[in-house]
Amino acid sequence: MIVRKPSDLPDHDPDFLPDDAVIAIDGPAGSGKSTTAKDLAERYGLLYIDTGAMYRALTWAAREAGADLDDGPALAAMLSDAELTLRPGRRQVAVHWNGRDVSTAIRAPEVDGDVSRVAAHAEVRADMVRRQQQLGRSGGVVMEGRDIGSVVFPLAHTKIHLSASLEARADRRLRQYRQQGKDVDRAALTADLAARDKLDSEREAGPLLISPDAIIVDSSELNLEDQNEACARACLVNAVADRALDSDLDTARREIPWHYRLAYGVFRALARFYGLREVGNAGRALPRGVVAAVNHVSLWDPPLVGATFHRFRIHTLAKRELFRPDFPLGRIFRMVDAIPIRRRGYDRTAFAAAARGIEAGNNLLIFPEGTRRAIGHPGPVKNGLGILVQATRAPMLPIFIRGSYGRHPGGSQLSPLEVWYGPVIRWHALDALLEDLDPKEASRRIAHVCESAFRELQERSFAATPQTDFERELGEQQLKRFARRQAKVFGTSEKAPAKG
Ligand code: DC
């Protein structure tokens, strides 16, 4: 869906937005992100962070120093030594570079012309992303840029992709310059915007892409007030859907058939025995028909994750080999509607059965990486997830499991056993994306959302309990071993797991 006017979305109580929400606004230059982000900050009492200003400040400093704008490592070194601060002010964010107020200087047309070049360097982006994550870590922020929803905060409460036609954006920029008393040629400005769009969306590192879970707001035909109102309503879409989740917990419990109660009981006893810690468990408030996407490190993952579910039937896609008669857990898997899947190629029958289950309102537990991955190195996610999501539009619940490999009963300091729940992710932009993307590319974007969610949940887990040497070394060993095994299971086309 593309939001073109405020009335495309219902109006709700602004108090629905959680206090610690992160609102990510991405979009091309001149789409009105800053104005709207400031408005949202005021409406919802959030801190406004303009990440473009950070790239602009570095560009300004590099020009001042006469640095080579194509030398990524040199620019990154300059940035890492610098003190770069953003202070929200009444009309705009005050930007200081090493104590000097550069708020006005960074808006000059010369900086405009060079900033995309500077922002394209992966080394520069890595540092900027780290700074931005620090700024928004505790939530309650609205952050605007190009890669906020895709890289900086992949689990943002709301992702808005704010766009407008090239002509509309050129008109707005022209007005801004005129207000500053600068005379700029319209044709040149339009060409410059188009060139920046191209650079921003085609670069390797953190390109501007529409994330399938973003809400697209097209402001081409909107005045400022309506643009702000449309975005303000967009901020409540997930909040309203999340609030609806809790409603029928008792009914859901009563609805669970006896064999599920038995299986969940066995799994929970197992989890207790191994000292499993659950964090952010939305399992109590699962929507119906959700795809629970779990990273995979051990054969114990399905029952351990199952131990954190408290309601509804859950179908699982599990490798065919687990259903051997001599494998004791296989019987339990069958009892809880596990669907055997052939891992080589695309198992049409298994995915069709999974889609039917989702459409009937059941949940589905899948391991979208397709096989076990080295601990500490989740991903890459295979295309099956995207195919399933495209077939069903089912929302995704990302779940990160840590420490299930090589466990010693009763818990271990060496590898803490944890299950982390992310938020429910809804595919607001998918239909619009499929109008010009081929399904394979759409699946890649869905996979990217899932990979980023795993990485983000892993980072949160490591921030709470630092990764141990044992986990690190085991992960390195597994990386090598699994690369060989994956080649055997999937053929040799498998790419190496993406690094964080
Ligand atoms: O939003 P803006 O025009 O102030 O952004 C300036 C430039 O910085 C823009 O060309 C793209 C880049 N940028 C980026 O690459 N990533 C961000 N998160 C924000 C801005």
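Heavy atoms only: backbone and side chains are in, while hydrogens, waters and symmetry mates are out.
- The pair Glu321-Arg342 does not count as a salt bridge, with every side-chain nitrogen at least 4.0 angstrom from each carboxylate oxygen.
- Between Met54 and Leu86, some side-chain heavy-atom pair lies under the 4.5 Å cut-off.
- Between the CZ atom in Arg472 and the CD atom in Gln467 there is a gap of 4.5 Å [rounded to 0.5 Å].
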- Check the pair Glu471 / Ser415 against side-chain hydrogen bond (donor to acceptor under 3.5 Å, both in side chains), numbers first and verdict last. CA-CA 6 Å; Glu471 289 176 305; Ser415 67; 5.2 Å; no

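- Between Leu434 and Gln390, the shortest heavy-atom distance links the atoms CD2-OE1, 3.5 Å.
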- Candidate pair Arg268 and Leu276, rule side chain to side chain contact (heavy atoms under 4.5 Å, CB included), full reasoning: CA-CA 9 Å; Arg268 265 204 288 282; Leu276 179 78; over 6 Å; no

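- Using a 4.5 Å heavy-atom cutoff, the side chains of Leu317 and Phe351 are in contact.
- Counting only heavy atoms from C-beta outward, the side chains of Val381 and Val449 never approach each other to under 4.5 Å.
- A side chain to side chain donor-acceptor pair (under 3.5 Å) check over residues 427-438, counting only residues at least two apart or in different chains, returns the pairs Asn238-His428, Arg393-Asp431.
- In this view, Asp226 satisfies the salt bridge (Lys or Arg N to Asp or Glu O under 4.0 Å) rule with no residue, not counting sequence neighbours.
- The main-chain N or O of Ala338 is never found under 3.5 Å from a side-chain atom of Thr316 such that the two would form a donor-acceptor pair.
- Counting heavy atoms from C-beta on, the side chains of Phe367 and Pro302 come closer than 4.5 Å.
- Val3 approaches Ile215 most closely through the heavy-atom pair CG2-CG2, 3.9 Å.
- In this structure, the side chains of Lys319 and Leu299 come closer than 4.5 Å at one or more pairs of heavy atoms.
- Counting heavy-atom neighbours within 6.0 Å of Glu221 CD, excluding the residue itself, gives a total of 12 or less.
- Across Leu46 and Ala21, no two heavy atoms sit closer than the pair CD2-O, 4.2 Å.
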- Task: Show your working on side chain to side chain contact (heavy atoms under 4.5 Å, CB included) between Val419 and Val279 and close with a plain yes or no.
- Result: CA-CA 6 Å; Val419 176; Val279 187; over 6 Å; no

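- A distance-only check finds no donor-acceptor pair linking the side chain of Arg373 to the backbone of His296 [under 3.5 Å].
- Side-chain N or O atoms of Lys33 include one that pairs as donor or acceptor with a backbone N or O of Pro28 at under 3.5 Å.
- Using a distance-only test at 3.5 Å, with no hydrogens or angles considered, a donor-acceptor pair links the side chain of Ser452 to the main chain of His448.
- Residue Ser219 comes nearest to Ala164 through the heavy atom pair OG-CB, 3.5 Å, listed as atom of the first residue, atom of the second, then distance.
- A salt bridge links Asp127 with Arg131: the distance from a Lys NZ or Arg NE/NH1/NH2 to an Asp or Glu carboxylate oxygen falls below 4.0 Å.
- With hydrogens and angles disregarded, a donor-acceptor distance shorter than 3.5 Å links the side chain of Tyr260 to the backbone of Ile314.
- The neighbour count for Asp19 CG, taken as heavy atoms of other residues, nucleotides or ligands under 6.0 Å away, does not exceed 12.
- Judged by distance alone, the side chain of Arg233 and the main-chain N or O of Pro6 form a donor-acceptor pair under 3.5 Å.
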- Query: When you look at Ile339 and Thr349, which way does the side chain to side chain contact (heavy atoms under 4.5 Å, CB included) test go after all the steps?
  - Reply: CA-CA 10 Å; Ile339 302 164; Thr349 320; over 6 Å; no

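- Atom CG of Leu457 sits about 11.5 Å away from atom CZ of Phe462, to the nearest 0.5 Å.
- Side chains of Pro380 and Glu369 form no contact here, defined as non-hydrogen atoms less than 4.5 Å apart.
- Using modelled atom types, one finds no donor on one side chain facing an acceptor on the other under 3.5 Å when comparing Glu359 with Thr392.
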- Query: Do Arg146 and Asp200 pass the salt bridge (Lys or Arg N to Asp or Glu O under 4.0 Å) test, and can you show the C-alpha distance, the side-chain angles, and the key distance before you say yes or no?
  - Reply: CA-CA 8 Å; Arg146 304 293 187 284; Asp200 289 343; 3.3 Å; yes

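- Asn363 places a side-chain N or O within donor-acceptor distance of the main-chain N or O of Val290, the cut-off being under 3.5 Å.
- The two residues Glu418 and Ser461 come nearest to each other via the heavy atoms OE1-OG, 2.7 Å.
- Tyr264 and Phe309 have their aromatic ring centers separated by at least 6.0 angstrom.
- Glu144 and Thr51 share no side-chain donor-acceptor pair at under 3.5 Å.
- The shortest side-chain heavy-atom distance between Val141 and Ile23 does not fall under the 4.5 Å cut-off.
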- Verdict with supporting geometry, Val142 and Leu47, side chain to side chain contact (heavy atoms under 4.5 Å, CB included): CA-CA 6 Å; Val142 46; Leu47 182 69; over 6 Å; no

- Between Glu451 and Arg444, does a salt bridge (Lys or Arg N to Asp or Glu O under 4.0 Å) hold up when you go through it step by step? CA-CA 10 Å; Glu451 287 159 6; Arg444 260 323 305 150; 3.3 Å; yes

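- Atoms CD1 and CE, from Ile49 and Met143 in turn, are 3.5 Å apart once rounded to the nearest 0.5 Å.
- In terms of modelled atom types and a separation under 3.5 Å, the side chain of Asp301 and the main chain of Val294 share no donor-acceptor contact.
- Note that the CG atom of Asn228 and the OG1 atom of Thr36 stand 4.0 Å from one another [nearest 0.5 Å].
- To the nearest 0.5 Å, the span separating CZ on Arg43 from CD on Glu229 amounts to 4.5 Å.
- Summarising the geometry, atom CD belonging to Glu456 is positioned 13.0 Å from atom CZ belonging to Phe454; distances are rounded to the nearest 0.5 Å.
- Taking 4.5 Å as the limit, some side-chain heavy atom of Ile425 sits within range of a side-chain heavy atom of Pro398.
- One finds a salt bridge joining Lys159 and Asp213 here, because a Lys/Arg side-chain nitrogen approaches an Asp/Glu carboxylate oxygen to under 4.0 Å.
- With hydrogens and angles disregarded, no donor-acceptor distance shorter than 3.5 Å links the side chain of Gln458 to the backbone of Phe400.
- Counting heavy-atom neighbours within 6.0 Å of Arg130 CZ, excluding the residue itself, gives a total above 12.
- The closest donor-acceptor contact from the side chain of Ser298 to the backbone of Ser404 lies under 3.5 Å.
- Judged purely by distance below 3.5 Å, without hydrogens or angles, the side chains of Thr308 and Tyr421 pair a donor atom with an acceptor atom.
- Between Glu204 and Arg125, no side-chain nitrogen of the basic residue sits less than 4.0 Å from a carboxylate oxygen of the acidic one, so the salt-bridge criterion is not met.
- Between Ile160 and Cys231, the shortest heavy-atom contact is CD1-O, 3.7 Å.
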- Query: Should Lys480 and Glu476 be marked as a salt bridge (Lys or Arg N to Asp or Glu O under 4.0 Å) after you check the CA-CA gap, both sets of side-chain angles, and the distance that decides it?
  - Reply: CA-CA 7 Å; Lys480 295 189 196 115; Glu476 292 307 315; 5.8 Å; no

